[in-house]
Amino acid sequence: MLDPRKLRHDPARTAEVLKTRHYSLDIERFESLERSRQEWQRRTESLQAERNRVSRAVGAAKASKGKQHDARALIDSVATLGEQLKAGQAALAEAQAELNQLLSEIPNLPHHSVPMGRDEHDNEEVRRRGTPRQFPFEVRDHVDLGARLGMMDYELAAGLAGSRFVVLQGGLARLHRALAQFMLDLHIHEHGYEETMVPMLVNSRALYGTGQLPKFADDQFTTRDQPPYYLVPTAEVPLTNLAAGRIFEAAELPLRKVAHTQCFRREAGSYGKDTRGMIRQHQFEKVELVHIVQPEQSYATLEALTGHAEAVLQKLELPYRVVALCTGDMGFGAAKTYDLEVWLPSQQRYREISSCSNCEAFQARRMKARWRNPETGKPEPLHTLNGSGVAVGRALVAVMENHQNADGSIRVPEVLAPYMGGCAAIQRPAD
RNA sequence: GGAGAGAUGUCCGAGUGGUUUAAGGAGCACGCCUGGAAAGUGUGUAUACGCCAACCGCGUAUCGAGGGUUCGAAUCCCUCUCUCUCCGCCA
């Protein structure tokens with residue numbers, strides 16, 4: 001949610017900026033809704049003020065003996081007020097609902113440092129780390145490697161659920177678990193995050209708070225309860241909403257939360273993309289990092305957060321690059337986003353494995369997450385940030401492909417040794 | 001799933017239709033008092049929206065949420081949510 005006051009103040013300029021995000025703001029509609037809201041609000045409030053005044057007078061008249069007649073006259077004098085008020089309130093509610101609907105579907109404004117651009121081709125590479133390995137043999141992709149190991153099976157998963165699911169078994173299942181545990185421990189012990197366990201079913205209010213609703217309802221899995229539960233598409237939703245409706249004192253900030261959860265996505269818009277393998281699944285695991293901070297700290301925090309995600313890839317000995325997303329490629333709520341892209345030798349290209357965003361006050365305003373600014377003494381919206389630290393399934397893919405051996409076995413990176421019971425390589429069990 | 005109790009401000013807590021325009025207490029902030037502190041004492045202490053250039057000020061809403069009755073609702077009625085206790089079931 002943009003600041004409604006700022007939008008009111010200069011809608012034309014805001015519309016210009018929103019164009020770079022493929023959003024066309026209907027200024028005329030906005031202003032007419034705003035006018036109507038304002039008019040009905042004034043009208044109802046003055047009717048309410050009158051009602052309150054008369055009602056108090058009725059009470060006073062009834063309290064003093066001998067003025068019962070005055071009370072009767074007062075009551076008669078507001079005979080039609082109730083209906084006017086009801087009509088006014090209904091009109092006001094309608095105007096507010098339409099205005100909210102409009103406001104809730106406007107994406108965030110990009111930070112001035114965000115490169116202008118249409119789509120992912122206009123993203124800017126910020127840095128590269130690690131060198132893609134030269135293989136003296138033909139590399140296999142993770143699907144091939146997994147099948148040869150007998151530990152990754154898409155047909156079994158299809159039998160259980162459908163397409164875009166996987167069954168991992170034996171060493172690969174353990175490697176997958178080890179990756180998640182390693183990431184959690186790294187962020188908890190070395191980066192200062194608080195370990196958090198959150199619900200993976202949430203209500204619509206939580207999804208509204210982080211911006212998935214109302215616009216992206218089709219991307220979410222829901223239950224058939226009434227009202228429905230939503231399966232979280234990312235732990236960003238429950239973690240960020242921990243601050244919803246609260247007013248923090250400056251001393252309580254910043255909040256740094258990490259959670260490891262399943263994530264569920266219908267991926268309605270992605271059919272035909274990445275249909276092979278574990279890159280794009282309906283269910284996947286992710287270790288998520290969330291910061292709730294004072295506004296002036298949020299951009300320094302974005303750099304730190306990105307660094308925490310990078311540390312995962314460095315320790316797993318994976319080559320990657322950091323990319324600043326352009327205006328046209330950023331997510332709905334983000335003011336600035338860095339993607340971490342890991343090298344996949346089978347595809348000879350870098351693929352997204354983490355996305356770190358500063359949402360500034362966009363989510364905080366939707367969920368009313370505030371702090372008391374000591375300088376003003378007033379509650380003001382916080383800034384929220386989130387980043388994957390990192391996607392576990394994609395990390396498994398990256399480890400398999402980058403650390404594969406000629407015989408199809410997988411070298412286990414050293415940092416995972418404590419989580420793998422000393423197992424240094426995943427190989428096909430002897431028949 | 002069944003039965004019961006409950007939800008009031010930062011916290012505790014009073015409040016069964018009209019000076020509640022939410023009592024009282026605690027906490028917190030700032031004064032006074034004090035050599036300093038404690039005690040005492042005074043004042044202040046929610047959020048949102050609107051009017052105003054802004055401060056001040058004024059108006060409106062909010063007593064778990066939504067709806068209803070009424071000139072008027074924290075209070076009466078209906079629906080829902082959540083919490084607690086007991087029972088059942090269960091990993």
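If you're wondering where the values come from, they're calculated on a predicted model, not measured in any experiment. Chain letters run A, B, ... following the sequence lines, proteins first and then strands; every chain starts at 1.
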Rounded distance in Å between the [atom1] positions of [N] and [M]:
N     : M     : atom1 : answer
B:C80 : B:U70 : P     : 23 Å
B:G18 : B:G72 : C1'   : 7 Å
B:C12 : B:G27 : C1'   : 10 Å
B:U60 : B:G2  : P     : 44 Å
B:C52 : B:G13 : C1'   : 39 Å
B:U43 : B:A48 : C1'   : 26 Å
B:U79 : B:U62 : P     : 22 Å
B:U75 : B:A61 : P     : 15 Å

With distance as the sole criterion, is a donor-acceptor pair present between the side chains of A:Ser355 and A:Asp339 under 3.5 Å? yes
At less than 4.0 Å, is any side-chain N or O atom of A:Asn52 found next to OP1 or OP2 of B:G59? Yes or no.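 Answer is no, no contact under 4.0 Å.
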Check the angle between the aromatic planes of A:His187 and A:His191 and answer parallel, tilted or perpendicular using the 30° and 60° thresholds. tilted
In the 5'-to-3' direction, what one-character label does each nucleotide of nucleotides 45-50 of chain B receive under the scheme B = base within less than 4.0 Å of a protein heavy atom, S = sugar-phosphate only, - = no such atom? --SSBS
Name the stems that RNA chain B belongs to, where each is three or more consecutive Watson-Crick or G-U pairs with both distances under 3.5 Å? B:1-7 with B:81-87, B:10-12 with B:24-26, B:27-32 with B:40-45, B:46-51 with B:57-62, B:64-68 with B:76-80
Please list, chain by chain and in numerical order, all residues satisfying salt bridge (Lys or Arg N to Asp or Glu O under 4.0 Å) with A:Glu288, sequence neighbours excluded. A:Lys286
The criterion is salt bridge (Lys or Arg N to Asp or Glu O under 4.0 Å); which residues satisfy it with A:Glu16, sequence neighbours excluded? A:Lys19
Quick one: side chain to side chain contact (heavy atoms under 4.5 Å, CB included) partners of [X], sequence neighbours excluded?
X        : result
A:Ser104 : A:Tyr208, A:Pro214, A:Arg366
A:Thr14  : A:Leu2, A:Leu7, A:Leu18, A:Leu109
A:Ala91  : A:Trp40
A:Glu83  : none

When A:Arg53 and A:Leu85 are each assigned the nearest nucleotide of RNA chain B, the 5'-most assignment goes to A:Arg53
If I take atom [atom1] in residue [X] and atom [atom2] in nucleotide [N], what distance separates them, rounded to the nearest angstrom?
X       : N     : atom1 : atom2 : result
A:Glu50 : B:A61 : CD    : P     : 13 Å
A:Leu47 : B:G72 : CG    : P     : 12 Å
A:Gln84 : B:C71 : CD    : P     : 15 Å
A:Glu83 : B:G68 : CD    : P     : 13 Å
A:Gln48 : B:U62 : CD    : C1'   : 12 Å

When A:Gln281, A:Arg164, A:Arg280 are each screened for side chain to side chain donor-acceptor pair (under 3.5 Å) with A:Asp274, the one that passes is A:Arg280
With respect to A:Tyr193, which candidate in A:Lys257, A:Arg256, A:His291 satisfies the side chain to side chain donor-acceptor pair (under 3.5 Å) definition? A:His291
Any Lys/Arg nitrogen of [X] or [Y] sitting under 4.0 Å from an Asp/Glu carboxylate oxygen of the other?
X        : Y        : answer
A:Glu39  : A:Arg43  : yes
A:Glu401 : A:Arg351 : no
A:Arg148 : A:Asp144 : yes

Using a 4.5 Å cut-off on heavy atoms from C-beta on, say whether the side chain of A:Tyr230 contacts that of A:Gln212. no
Do A:Val167 and A:Tyr154 make a side-chain contact, defined as non-hydrogen atoms from C-beta onward lying under 4.5 Å apart?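 The answer is no; the side chains never approach within 4.5 Å.
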For A:Phe221, all residues meeting ring-ring contact (aromatic ring centres under 6.0 Å, His included), sequence neighbours excluded: A:His282
Surrounding CD of A:Glu296 (heavy atoms of other residues, nucleotides or ligands, distance under 6.0 Å), is the total greater than 12? yes
What residues from residues 236-246 of chain A pass a heavy-atom cutoff of under 4.0 Å to RNA chain B? none
Considering only nitrogen or oxygen atoms on both sides, find all protein atoms under 3.5 Å from nucleotides 16-20 of chain B and state each distance.
from: B:G18; atom 1: O6; to: A:Lys62; atom 2: NZ; distance (Å): 3.3
from: B:G18; atom 1: N2; to: A:Ser55; atom 2: O; distance (Å): 2.7

Please write out the pairs of protein N or O atoms and N or O atoms of nucleotides 77-82 of chain B separated by less than 3.5 Å, giving the distance to one decimal.
none

Candidate nucleotides B:U69, B:G72, B:G59, ranked by approach to the side chain of A:Lys86 - the nearest: B:U69
